[in-house]
K.L.:
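Before anything else, here's the structure in question.
As the structure is a prediction and not an experimental result, all values here were calculated from the model. Scope of the values below: all heavy atoms of this structure, side chains included, with no hydrogens, waters or symmetry mates.
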Amino acid sequence: MNTVELITAKRNGRELTEEEIRYLVRGFTEGSIPDYQMSAFLMAVYFRGMSRQETIWLTREMKLSGDTADLSQIKGVKIDKHSTGGVGDKTTLIVGPLAAACGVPIAKMSGRGLGFTGGTVDKLESIPGFQTALPVQDFFDQVNGCGIAVIGQTAHIAPADKKIYALRDVTATVENLSLITSSIMSKKLASGSDGILLDVKCGSGAFMKTEEDARQLAELMVEIGKADGKKTMAVITDMEQPLGNAIGNALEVREAIDVLRGQGPRDITELSIELAGRMIWMGEQADSAEEGLAKAGRALRTGAGLEKFREFVAGQGGDPDVTDKNRQDELLPVSPCTRTVTAPRDGYICSMDAMGIGLASQHTGAGRQTKEDSIDHGAGILLHHKAGDQVKEGEPICTLYSSDEARLETAAGEVLRSVQIGDAEPDLSPLIRCVVE
Ligand code: URA
């Protein structure tokens, strides 16, 4: 087989065979196909697309490019959850403990943040002492003992995706249905859980800007998950504006704890119960989604989810007292330089562009520009208002936190560009758009 011929075939819109896709994925992973040829191939895919069948083969080859986690030592029906990426999305920190408190084992591998989106591993590492790199046996023991463990994804899971994603990131080929599907599902299918709940984000702060595109992505991912023998379901949710009020690692940990106390913002509380409820159903701890949602709500109200969070943090080396309001300032970092951004006029906040707010948070130091950048765990944004709220000129919209005073100016400018204020009360889209099963 010849790489140039395969690039030409895709450039001309031909459907590739399973063998041809295998040749490309294996060749690139092993190093016999260079970056420049893979880049050309990815751009051809970007413009020509891939069929459903090609996407299934691509996902399978990427999954088989590394190890497949064997979680058989963990008892019960293990359910994973994945968000396609958003701003202020700290649901794993809430949903994991809620589902685990209801008997669903959570053995999760999570990623770090890049660009304007955050990552669960960075958020957890803002808790002093929290270990996200556990030896395999400790990972299994923690899930069997406490019901939940979250670790960073190892380099052995879907290494083809790691190499391909790094190339997509710098060749403007991220936003393609087949490439996103194969990237996410190859990792999820290699991670070994029995079921996967996908939170497919839709809106300005998501890869998929429209509900139609998000639905297509969700349907393809669900089909591929099921074809691999996993229970798979997707919830399409709004990402026009950030989720919750906190953006930035330690700030998000505080907000997740507030939600588990029953004192969190309404949007993230609603979404967390929806996701946890579905995981409880998928994990066979409820006979229906409705019963799962009721159980998740009860775990929140009774404090069982908060107690599970404390056990989870302690089990991975962190101080469980991060849940104690009186000790949070001492235990969780807060960056020392602050700036309040105020409303430039009276009116209603008609929109709060999630991507812009994510970029502003990145400017404070809470996010990375490149994979090698270090992050400021105490940096970020606390929103005092969201889209739909009425504000007066000069009223605080948000507070920015950074360790570097100079960063606040750029971040504040980005926030002001992201917030539109108008005279009429806006019509906002619902947070939970639909479910794909
Ligand atoms: N997240 C991934 O892991 N891969 C993508 O392609 C997009 C989002």
K.L.:
Does Gln241 use its side chain to pair, donor to acceptor, with the backbone of Ala387 at less than 3.5 Å?
P.N.:
yes

K.L.:
Checking Asp267 side chain against Gly244 main chain: does a donor-acceptor pair fall under 3.5 Å?
P.N.:
yes

K.L.:
Under 4.0 Å between a side-chain nitrogen and a carboxylate oxygen: does that hold for Arg433 and Asp238?
P.N.:
yes

K.L.:
How many angstroms lie between CD in Gln316 and CD in Gln142, if you round to the nearest 0.5 Å?
P.N.:
4.5 Å

K.L.:
Just by modelled atom types, is the Ile357 backbone N or O under 3.5 Å from a matching donor or acceptor in the Ser361 side chain?
P.N.:
no

K.L.:
Heavy-atom count around Arg266 CZ within 6.0 Å, excluding the residue itself: above 12?
P.N.:
no

K.L.:
Checking side chain to side chain donor-acceptor pair (under 3.5 Å) for the pair Lys230/Ser193: CA distance, chi angles, key distance, verdict?
P.N.:
CA-CA 8 Å; Lys230 311 278 187 196; Ser193 283; over 6 Å; no

K.L.:
Salt bridge between Glu330 and Arg327, side-chain N to carboxylate O under 4.0 Å?
P.N.:
yes

K.L.:
Could you tell me if Thr364 and Ser402 have a donor-acceptor pair between their side chains, going purely by distance under 3.5 Å?
P.N.:
no

K.L.:
Between Asp376 and Arg407, does at least one N-O distance fall below 4.0 Å, as a salt bridge requires?
P.N.:
no

K.L.:
Write down the atom of Leu251, the atom of Ala379, and the distance for their closest heavy-atom approach.
P.N.:
CD1-O, 4.1 Å

K.L.:
Tell me if the NZ atom of Lys162 is crowded by more than 12 foreign heavy atoms within 6.0 Å.
P.N.:
no

K.L.:
Taking Asp194 for its side chain and Lys78 for its backbone only, find out whether a donor-acceptor pair lies under 3.5 Å.
P.N.:
yes

K.L.:
Say you draw a straight line from CG of Asp321 to CD1 of Ile127; how long is it, rounded to the nearest 0.5 Å?
P.N.:
12.0 Å

K.L.:
Please name the pair of heavy atoms, one in Val415 and one in Cys398, separated by the smallest distance, quoted to 0.1 Å.
P.N.:
CG1-SG, 3.9 Å

K.L.:
Ignoring hydrogens, what is the shortest heavy-atom contact between Arg52 and Leu220? Give both atom names and the distance.
P.N.:
CG-CD1, 3.9 Å

K.L.:
What I want to find out is whether Arg310 reaches Asp324 closely enough, with some N-O distance under 4.0 Å, to be called a salt bridge.
P.N.:
no

K.L.:
Any sub-3.5 Å donor-acceptor pair from Lys90's side-chain atoms to Gly88's backbone N or O?
P.N.:
yes

K.L.:
Strictly below 4.0 Å, N to O, side chains only: are Asp228 and Lys63 in salt-bridge contact?
P.N.:
yes

K.L.:
With the threshold set at 4.0 Å, does a side-chain nitrogen-carboxylate oxygen contact exist between Lys231 and Glu284?
P.N.:
yes

K.L.:
Report the distance from atom CD1 of Ile397 to atom CG of Leu383, rounding to the nearest 0.5 Å.
P.N.:
9.5 Å

K.L.:
Please answer whether the main-chain N or O of Glu240 pairs with a side-chain N or O of Ser204 as donor and acceptor at a distance below 3.5 Å.
P.N.:
yes

K.L.:
Taking the side chain from Asn249 and the backbone from Ala366, do they hold a donor-acceptor pair closer than 3.5 Å?
P.N.:
yes

K.L.:
Please round to the nearest 0.5 Å and tell me the distance separating atom CG of Leu134 and atom CZ of Phe140.
P.N.:
11.5 Å

K.L.:
Find the distance between OH (Tyr348) and CG (Asp423) and round it off to the nearest 0.5 Å.
P.N.:
10.0 Å

K.L.:
Closest heavy-atom contact between Phe130 and Val313?
P.N.:
CE1-CA, 3.9 Å

K.L.:
Hey, is CZ on Arg215 packed in by over 12 heavy atoms from elsewhere, all under 6.0 Å?
P.N.:
no

K.L.:
Between Asp89 and Lys123, does a salt bridge (Lys or Arg N to Asp or Glu O under 4.0 Å) hold up when you go through it step by step?
P.N.:
CA-CA 10 Å; Asp89 185 358; Lys123 293 171 205 198; over 6 Å; no

K.L.:
Hey, are Lys201 and Ser83 close enough side-chain-wise for a donor-acceptor pair under 3.5 Å?
P.N.:
no

K.L.:
So does Glu409 have more than 12 non-hydrogen atoms from other groups sitting under 6.0 Å from CD?
P.N.:
no

K.L.:
Side-chain contact, heavy-atom cut-off 4.5 Å: Thr237 with Leu243?
P.N.:
no

K.L.:
What distance do Ser110 atom OG and Leu124 atom CG have between them, rounded to the nearest 0.5 Å?
P.N.:
7.5 Å

K.L.:
Taking Lys386's backbone N and O only, do any of them form a donor-acceptor pair with Asp389's side chain (distance below 3.5 Å, no angle check)?
P.N.:
yes

K.L.:
With a 3.5 Å distance limit and no angle check, can you tell me whether Glu437 reaches the backbone of Ala234 through a side-chain donor-acceptor pair?
P.N.:
no

K.L.:
Any sub-3.5 Å donor-acceptor pair from Ser186's side-chain atoms to Met62's backbone N or O?
P.N.:
no

